[in-house]
Trainee: 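Before we start, here is the structure in question, set down as structure tokens.
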Amino acid sequence: MEGKLIERLEAAVARLEALPAAGVSSRVLPDSGVEVASDPSIVAFDDLMAQYAARVSAAAEKIGGQVLDVTKIVVEAFSVQKKLLIEIKQTQKPDMAGLAEFLKSLNEVIMKANAMTEGRRSDFLNHLKSAGDSLSALAWIAYTGKDCGMSMPIAHVEESWQMAEFYNNKVLVEYRNKDPNHVEWAKALKELYLPGLRDYVKSHYPLGPVWSASGKKASSAPSKAPPPGAPAAPLPPPASLFSSEPSQPSSSRPKQGMAAVFQEIGTGNVTLGLKKVTADMKTKNRTDRTGIVSAGEKETRSSSSSFSKAGPPKLELQMGRKWVVENQIGRKNLVIDDCDAKQSVYVFGCKDSVLQIQGKVNNITIDKCTKMGVVFK
């Protein structure tokens with residue numbers, strides 16, 4: 001009898017001991033705001049902002065104006081990313097639509113910075129473009145795996161900075177002997193990403209953000225279907241940096257521009273639809289002789305077209321990292337053959353020209369060009 005009583009008492013004690021243990025475990029889960037705030041990755045992000053973002057802000061304070069405004073947006077974007085990292089530790093991994101909605105706050109800040117480069121040309125356009133383009137590095141947080149269409153987080157940060165570095169270098173060159181505050185700002189902005197953000201991602205999220213397995217579910221994007229009888233929806237806003245739509249394979253998209261031309265050549269139907277030229281249509285047999293250009297006029301036209309009002313034509317490698325093609329007009333035989341995968345190509349102000357890139361490069365940017373064809377591998 002005493003043995004059964006002892007067994008029952010031991011079972012009851014075991015159940016009582018299990019209750020507070022469960023209570024303690026629920027309180028120390030990383031879903032707690034206090035616990036998440038003291039997480040090593042969040043503390044390291046605070047250190048990143050204190051060490052690097054504070055230096056950019058200090059330099060911007062000395063400059064003021066639009067440079068200070070865009071720097072405040074950069075700091076705001078990093079602050080939003082910190083909040084998202086905290087939420088990720090408390091949230092289950094969403095689907096693509098849910099991920100786009102989850103990252104909406106970060107996207108809005110990035111678009112705010114990009115909006116500063118539009119409209120009336122600013123005296124600090126290179127500052128604005130450098131800061132705005134650099135914020136795409138924060139999109140590393142959207143990496144969900146090797147099939148998501150993005151480079152891995154570390155590589156994404158490095159590639160995004162390469163896009164911004166072109167304008168950042170222009171700031172360094174322009175103000176090298178004019179104002180050290182601008183030089184300090186440009187150097188501090190670069191260090192915010194390299195090594196700042198890159199090393200942070202390398203240490204804590206080399207494979208992307210780690211979502212909570214038992215946290216709350218992320219809210220899905222609101223339904224886009226309008227109610228019956230509602231007026232027509234307004235025009236859509238500019239494309240979001242984080243889109244819930246899967247990327248369409250390039251093979252299934254209709255070809256445009258020079259791609260359409262080369263596709264047509266590949267089909268073998270190049271002469272389909274062309275009219276046959278008869279003997280009386282040839283120039284040597286024409287009686288009116290109108291439209292014939294003399295050799296002197298031809299020489300004048302070629303010399304004037306080879307020099308743009310914006311500046312002299314350029315095709316050169318700058319700082320061993322970036323090929324610059326500028327103000328090329330009517331040039332069909334532009335070739336870049338000595339390039340590698342670590343270099344990038346920037347094409348600006350070209351018209352009615354064709355550029356061939358005979359090798360692999362990191363990225364290609366085309367800015368303010370008209371009828372510009374780029375052929376690359």
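A quick note: this is a predicted structure, and the numbers were derived from the prediction, not measured.
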Trainee: How far apart are the closest heavy atoms of P209 and I88, and which atoms are they?
Mentor: CB-CD1, 3.8 Å
Trainee: When Ile, Leu, Val, Met, Phe, Trp and Tyr are grouped by side-chain heavy atoms lying under 4.5 Å apart, directly or through other members, which residues fall in the same group as M150?
Mentor: Y143, M152, L207
Trainee: Decide side chain to side chain contact (heavy atoms under 4.5 Å, CB included) for I357 and C339; before the verdict, give the C-alpha distance in whole Å, the side-chain angles of both, and the deciding distance to 0.1 Å.
Mentor: CA-CA 8 Å; I357 303 174; C339 55; 4.1 Å; yes
Trainee: Under 4.5 Å between any side-chain heavy atoms of N363 and T365, yes or no?
Mentor: yes
Trainee: Are the charged groups of K360 and D340 less than 4.0 angstrom apart, N to O?
Mentor: no
Trainee: Under a 4.5 Å cut-off applied to non-hydrogen side-chain atoms, are N114 and I110 in contact?
Mentor: yes
Trainee: Grab the two heavy atoms, one from M116 and one from L128, that are nearest each other, plus how far apart they are.
Mentor: O-CD1, 3.4 Å
Trainee: Tell me whether L68 shares a hydrophobic cluster with L192, the cluster being built from Ile, Leu, Val, Met, Phe, Trp, Tyr side chains joined at under 4.5 Å.
Mentor: no
Trainee: Can you classify the ring geometry of F124 versus H182 as parallel (below 30°), tilted (30 to 60°) or perpendicular (above 60°)?
Mentor: parallel
Trainee: Identify, with sequence neighbours excluded, every residue that meets salt bridge (Lys or Arg N to Asp or Glu O under 4.0 Å) alongside E159.
Mentor: none
Trainee: More than 12 foreign heavy atoms under 6.0 Å from CG of N333: is that the case here?
Mentor: yes
Trainee: Please check if the number of heavy atoms outside K187 that lie under 6.0 Å from its NZ is greater than 12.
Mentor: no
Trainee: Just to verify, which of F78, Y52, W140 counts as forming a ring-ring contact (aromatic ring centres under 6.0 Å, His included) with Y193?
Mentor: F78
Trainee: Is there a chain of hydrophobic side chains (I, L, V, M, F, W, Y, each step under 4.5 Å between heavy atoms) that links L317 to V345?
Mentor: yes
Trainee: Could you work out, with salt bridge (Lys or Arg N to Asp or Glu O under 4.0 Å) as the rule, every residue matching D367, not counting sequence neighbours?
Mentor: none
Trainee: Once ring-ring contact (aromatic ring centres under 6.0 Å, His included) is applied, do any residues pair with H156, and if so which ones, sequence neighbours excluded?
Mentor: none
Trainee: Under a 3.5 Å cutoff, is there a donor and acceptor pairing between the side chains of E316 and Q318?
Mentor: yes
Trainee: Check ring-ring contact (aromatic ring centres under 6.0 Å, His included) between F45 and all other residues, then give those that pass, not counting sequence neighbours.
Mentor: Y200
Trainee: For a quick check under 3.5 Å, do Q66 and S122 share a side-chain donor-acceptor pair by atom type?
Mentor: yes
Trainee: Quick one: salt bridge (Lys or Arg N to Asp or Glu O under 4.0 Å) partners of K332, sequence neighbours excluded?
Mentor: D352
Trainee: What residues, two or more places apart in sequence or in another chain, satisfy salt bridge (Lys or Arg N to Asp or Glu O under 4.0 Å) together with E191?
Mentor: R55
Trainee: Of all the heavy-atom pairs spanning C369 and M372, show the shortest one and how long it is.
Mentor: CB-CB, 3.7 Å
Trainee: Hey, could you give me each pair passing salt bridge (Lys or Arg N to Asp or Glu O under 4.0 Å) that has a residue in residues 133-147? Not counting sequence neighbours.
Mentor: none
Trainee: Quick one: side chain to side chain donor-acceptor pair (under 3.5 Å) partners of E61, sequence neighbours excluded?
Mentor: none
Trainee: Quick one: side chain to side chain donor-acceptor pair (under 3.5 Å) partners of N168, sequence neighbours excluded?
Mentor: S130
Trainee: Is V109 linked to F102 within one hydrophobic cluster, defined over Ile, Leu, Val, Met, Phe, Trp and Tyr using a side-chain heavy-atom separation of less than 4.5 Å?
Mentor: yes
Trainee: Between K93 (side chain only) and T144 (backbone N and O only), is there a donor and an acceptor less than 3.5 Å apart?
Mentor: yes
Trainee: Do M163 and L189 share a hydrophobic cluster (ILVMFWY, side-chain heavy atoms under 4.5 Å, transitive)?
Mentor: no
Trainee: Does the separation of the ring centres of W323 and Y346 fall below 6.0 angstrom?
Mentor: no
Trainee: Listed by chain and number, what are the side chain to side chain donor-acceptor pair (under 3.5 Å) partners of W211, not counting sequence neighbours?
Mentor: none
Trainee: Kindly write out the residues that satisfy side chain to side chain donor-acceptor pair (under 3.5 Å) with S344, not counting sequence neighbours, or none if the list is empty.
Mentor: K322
Trainee: So, for N327 and P313, which heavy atoms are closest and what is the spacing to 0.1 Å?
Mentor: O-CB, 3.5 Å
Trainee: Assess whether side chain to side chain contact (heavy atoms under 4.5 Å, CB included) is satisfied between L334 and V354, documenting all intermediate values.
Mentor: CA-CA 6 Å; L334 301 171; V354 178; over 6 Å; no
